[in-house]
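Just so you know, these numbers use all the heavy atoms, side chains as well, and skip hydrogens, waters and symmetry mates.
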Amino acid sequence: MGRGDLADEEWARLAANLPKNVGRGGRWKNHRQVINGILFRLRTGVPWRDLPTRFGKWKTVYDRHRRWSADGTWDGILRAVLTDADARGRIDWSMVSVDSTVCRTHQHAAGARKQAPRKSGKRSRPSQHRADEALGRSRGGLTTKIHLAGEGGLRPLSILITPGQWGDAPQMIPVLERIRVPRPAGGRPRTRPDHLSGDKAYSSRRNRRYLRSRQIKHTIPERRDQQAHRQRRGSDGGRPTGFDPARYARRNEVERLINRLKIYRAVATRFDKRAYVFHGTVTAAAVRLWLRS
């Protein structure tokens, strides 16, 4: 077993959730070898063509990662891993924090074809396809932003990819609506944390109204301009928002989670041209974090 490869215990937890061979031909072969190749590229950020030969043909590794990113297989694997973790009591629902991070985009990630991609052998679009390819321009160059919700154990529950210049507040609701952890015994999946934490970037009436409608307690500091606006309105401005400094101190958990994700060089710097492939790359990194004990 090479450095960074799946251990036997990790593979046992992952193998049951992978696509099965159906019909003739048996197209899915050497899942473990291919996934180890994907994890190697994820950790080192090397071009696909430079993968070591012990992982087999680089084209096989790349094609499987691209296919699983397009048809939502990586998302399904993450959902299955979350279900297993919740059944074991490994998800800390007491505090879920939202945050975002900007990733620099390599020059090779630009220049994707304007024609929308299609799934291999099908006419439908990839599940996470974006017309803008999640590329944002700034003074420093091209950037992509990762929005996520992390639980107290420093592992992600949901992921959203957007261009780098997009704001955080409008993305809070889409990130929370992506939290869906199925229950092994059946029934509705769990979608609500016990408490939510976020920084001032997420302070808005729309977000607070949404959290109250879902009965989610939250700790989000109010911006100074919002405080001044509320005070100018007098009694019409409403009551001050509640704030618990002790709970807010736990917001460092999501920042530490982002640091753990960016250990993977293919996440810290985006090399994938297509947004749906980069989404699969970040999701594979999330799966790797959940598999570790």
Side-chain angles (χ1 to χ4, degrees), residues 6-20 31-32 35 38-39 42 64-65 68-101 126-128 146-161 171-198 211 214 216 218 250-251 253-264 267 276 278-293:
L6 293 171
D8 292 339
E9 180 183 356
E10 296 170 343
W11 171 248
R13 293 169 54 193
L14 182 64
N17 305 314
L18 298 178
K20 304 295 190 300
H31 269 324
R32 186 171 185 176
I35 292 177
I38 295 173
L39 295 179
L42 181 68
R64 198 163 306 181
H65 176 63
W68 285 5
S69 300
D71 61 13
T73 298
W74 278 123
D75 294 325
I77 293 174
L78 177 60
R79 191 161 47 248
V81 170
L82 288 173
T83 302
D84 178 68
D86 194 29
R88 296 167 180 254
R90 297 183 61 209
I91 299 181
D92 184 4
W93 292 100
S94 63
M95 174 65 78
V96 170
S97 302
V98 291
D99 206 349
S100 68
T101 180
S127 57
Q128 300 294 336
I146 302 175
H147 306 264
L148 55 86
E151 51 94 41
L154 309 185
R155 288 160 299 198
L157 294 173
S158 63
I159 296 168
L160 178 65
I161 307 296
Q171 309 309 319
M172 191 199 77
I173 296 177
V175 169
L176 292 181
E177 289 182 345
R178 289 183 174 224
I179 300 178
R180 298 183 64 85
V181 180
R183 304 176 190 268
R188 294 181 179 179
R190 177 155 188 177
T191 59
R192 291 190 306 167
D194 298 334
H195 204 96
L196 181 79
S197 174
L211 293 172
R214 296 194 59 191
I216 300 177
H218 56 278
R250 291 189 58 184
R251 203 184 69 83
E253 295 170 351
V254 70
E255 296 174 349
R256 291 155 60 195
L257 165 60
I258 289 174
N259 289 337
R260 294 181 68 184
L261 272 177
K262 284 196 166 182
I263 289 176
Y264 300 98
V267 174
Y276 75 90
F278 184 64
H279 176 86
T281 299
V282 181
T283 306
V287 171
R288 190 69 181 94
L289 291 180
W290 277 104
L291 289 177
R292 291 185 174 180
S293 58

Minimum-distance pair of heavy atoms, taken over all atoms of E253 and G152: OE1-CA, 3.3 Å
Which atom names give the shortest non-hydrogen contact between A149 and V98, and what distance separates them? CB-CG1, 4.0 Å
When you check the gap from the basic side-chain N to the acidic O, do R32 and D8 get nearer than 4.0 Å? yes
Pair L211, M172 - check side chain to side chain contact (heavy atoms under 4.5 Å, CB included), show working. CA-CA 10 Å; L211 293 172; M172 191 199 77; 4.0 Å; yes
Just checking, any donor-acceptor pair under 3.5 angstrom between side chains of H65 and W74? yes
Do I77 and L14 have side chains that approach each other closer than 4.5 Å (heavy atoms only, starting at C-beta)? yes
Backbone N/O of R251 and side chain of S97: donor-acceptor pair under 3.5 Å: no
Should L82 and R155 be marked as a side chain to side chain contact (heavy atoms under 4.5 Å, CB included) after you check the CA-CA gap, both sets of side-chain angles, and the distance that decides it? CA-CA 10 Å; L82 288 173; R155 288 160 299 198; over 6 Å; no
Tell me the closest heavy-atom pair linking V267 and A285, and the distance in Å. CG2-CB, 4.0 Å
Beyond-backbone contact of E151 with V181, side-chain heavy atoms, under 4.5 angstrom: no
Can you tell me if H31 uses its side chain to pair, donor with acceptor, with the backbone of K20 under 3.5 Å? no
Distance check, rounded to the nearest 0.5 Å: I258 atom CD1 versus L154 atom CG? 11.5 Å
If the condition is side chain to side chain contact (heavy atoms under 4.5 Å, CB included), which residues does A80 pass it with, not counting sequence neighbours? N17
Smallest heavy-atom separation, L257 atom then G150 atom, equals CD2-CA, 3.6 Å
Would T283 and Q128 satisfy side chain to side chain contact (heavy atoms under 4.5 Å, CB included), going step by step from the backbone distance to the final call? CA-CA 12 Å; T283 306; Q128 300 294 336; over 6 Å; no
Can you tell me how far the CG atom of L148 sits from the CG atom of L160, to the nearest 0.5 Å? 9.5 Å
To check you understand the geometry: which heavy-atom pair defines the closest contact between I159 and A286, and what is its length? CD1-CB, 3.9 Å
What closest approach, in Å, do L291 and E10 show between heavy atoms, and which atom pair accounts for it? O-CG, 3.6 Å
Does a salt bridge link R79 with D75, judged by any charged N lying under 4.0 Å from a carboxylate O? no
Quick one, T281 and Y264 - any side-chain contact, counting heavy atoms below 4.5 Å? no
CZ (R190) and CG (D86) are apart, to the nearest 0.5 Å, by 7.0 Å
For the residue pair L196 and L176, establish whether any side-chain heavy-atom pair is separated by less than 4.5 Å. yes
Side chain to side chain contact (heavy atoms under 4.5 Å, CB included) between W290 and D84: does it pass, once the steps are laid out? CA-CA 10 Å; W290 277 104; D84 178 68; over 6 Å; no
From R260 atom CZ to L289 atom CG, the distance as rounded to the nearest 0.5 Å: 5.0 Å
Mark yes when over 12 heavy atoms from residues, nucleotides or ligands other than R214 sit less than 6.0 Å from its CZ; otherwise mark no. yes
By side chain to side chain contact (heavy atoms under 4.5 Å, CB included) - contacts of P126 (at least two apart): A70, P117, H129, Y276
Heavy-atom side-chain proximity of M95 to S197 below 4.5 angstrom: yes
What distance separates R13 CZ from R292 CZ, expressed to the nearest 0.5 Å? 12.0 Å
With rounding to the nearest 0.5 Å, note down the distance linking CG in L42 to CG in L261. 9.0 Å
